2 protein chains.
Amino acid sequence: MSDLLERLRGRGWRLTAQRRVVAEVLDGDHVHYTADEVHARATDRLPEISRATVYNTLGELVSLGEVLEVSTDGRAKRYDPNAHHDHQHLICSRCGTIRDVHIQSDPLSALPEPERYGFQVSEVTVTYRGICPSCATP
Amino acid sequence: MSDLLERLRGRGWRLTAQRRVVAEVLDGDHVHYTADEVHARATDRLPEISRATVYNTLGELVSLGEVLEVSTDGRAKRYDPNAHHDHQHLICSRCGTIRDVHIQSDPLSALPEPERYGFQVSEVTVTYRGICPSCATP
DNA sequence: TTCTTGACTTAGACATTGTCCAATGTAGGA
DNA sequence: TCCTACATTGGACAATGTCTAAGTCAAGAA
């Protein structure tokens with residue numbers, strides 16, 4: 001994660017306590033917090049950090065390609081720090097848990113030319129849904 | 001679309017002017033309106049219809065499996081009457097236009113067993129993004 | 001080190017989308 | 001025609017996100 005901060009500094013990012021804390025909160029595997037969850041966790045370390053700054057910082061990280069924005073259900077967006085390894089999401093329909101998963105075929109090649117309607121297709125997201133083990137065995 | 005109304009009546013749906021208007025608005029191909037857009041169009045035909053009723057009716061149609069809910073971008077959900085033909089969506093990153101498309105391989109089978117983490121996977125959504133012809137040629 | 005400045009942060013107002021509730025209206029069966 | 005359970009309404013409320021003006025500070029310059 002510290003290499004992330006170095007990378008961003010190299011791009012002219014001014015390093016502040018608030019940005020450092022947000023980056024720290026997003027460190028780890030299978031992390032998919034909402035902006036409010038990031039704010040709550042950031043507040044534990046830096047009580048005076050504001051909501052606006054969390055939103056700003058998340059937006060910057062997304063623009064810089066360091067974090068992915070995931071819209072799972074029309075509720076709050078989630079932020080995924082695993083931006084440098086192509087992956088998909090598997091979501092529990094009951095509790096909302098999200099896991100990163102990896103598929104075999106390339107979904108882009110599954111869309112035939114005549115089905116592209118002249119679009120310059122550049123991106124594809126695949127999301128699986130089902131019941132997770134914890135929710136399946138009550 | 002009238003067969004839709006008949007089908008719903010057969011399931012005990014009470015047929016009201018409001019519900020009929022919402023169903024009429026959702027008739028057609030490549031229709032992906034937000035709730036507010038549905039409300040605006042419904043208001044043209046039935047000026048006193050309320051926002052709450054539009055939300056209620058859309059929710060019922062989704063529960064009954066007659067309409068699909070599409071969360072494209074974390075903004076407003078969209079409602080897709082093409083619920084009986086399996087398809088995916090192709091979205092213009094610039095103007096937001098949505099087209100229904102059909103792919104060749106089954107994306108469910110692309111997720112290997114060890115990547116399912118014990119989930120009972122039942123559903124998969126595939127969304128393509130790119131620039132549509134109108135936005136590509138300014 | 002201290003100074004300077006433009007970028008950053010803050011609090012809170014505001015916008016959008018969606019949900020809920022009590023009061024009122026009505027579709028469809030008896 | 002009359003009943004009544006279900007549907008509709010308007011408005012308050014909730015959740016999420018955006019914007020702005022004023023104050024603050026990181027980092028390069030001297």
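Predicted model only: the values in this text are computed from it and were never measured. A, B, ... follow the sequence lines: proteins, then strands. Residue 1 opens every chain.
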- Task: Check whether any side-chain N or O of Gln18(A) sits under 4.0 Å from OP1 or OP2 of dC25(D), and answer yes or no.
- Result: no

- Task: With DNA chain D as reference, determine whether Arg14(B) or Thr53(B) sits nearer its 5' end, using the nearest nucleotide of each.
- Result: Arg14(B)

- Message: Is it true that, when you exclude His85(B) itself, more than 12 heavy atoms of the residues, nucleotides or ligands shown sit nearer than 6.0 Å to its NE2?
- Response: no

- Query: Taking OH from Tyr55(B) and C1' from dC13(D), how many angstroms apart are they, rounded to a whole number?
  - Reply: 14 Å

- Looking just at side-chain N and O atoms, do His32(A) and Asp100(A) make a donor-acceptor pair shorter than 3.5 Å? yes

- Task: Measure from the side chain of Ala76(B), starting at C-beta and using heavy atoms only, and say which of dT17(C), dC19(D), dT8(D) lies closest.
- Result: dT17(C)

- Transitively linked via ILVMFWY side-chain contacts under 4.5 Å: Leu4(B) with Leu46(B)? yes

- Quick one: Arg75(B) CZ to dA15(C) P, roughly how many Å, whole number? 14 Å

- Which nucleotide in the list dT16(D), dT17(C), dT9(D) gets nearest to the side chain of Ser50(B)? dT9(D)

- Taking atom P of dG25(C) as reference, at what distance in whole Å does atom CG of Asn56(B) sit? 18 Å

- Query: Which distance, rounded to the nearest 0.5 Å, do you find between the CG of Leu108(A) and the OG of Ser122(A)?
  - Reply: 8.0 Å

- Query: Which listed nucleotide (dT9(C), dT19(C), dG17(D)) is nearest to the side chain of Arg19(A)?
  - Reply: dT9(C)

- Note on the structure: Taking dG28(C), dG17(D), dT17(C) as options, the one with an atom nearest any side-chain atom of Asp36(B) is dT17(C)

- Item | Closest nucleotide among dG11(D), dT9(C), dA11(C) to the Thr16(A) side chain | dT9(C)

- Message: Over all strands shown, is Arg51(B) touching base, sugar-phosphate only, or nothing at heavy-atom distances under 4.0 angstrom?
- Response: base

- Message: Reading DNA chain D from 5' onward, which residue's closest nucleotide shows up sooner: Glu48(B) or Ala17(A)?
- Response: Glu48(B)

- Nucleotide nearest Arg9(B) when distance is taken to its side chain, options dT17(C), dG28(C), dG18(C): dG28(C)

- First of Ala52(A) and Ala35(B) reached from the 5' end of DNA chain C, by closest nucleotide: Ala52(A)

- Item | Nearest-nucleotide pick for Ile49(A), side chain only, options being dT10(C), dG18(C), dA13(C) | dT10(C)

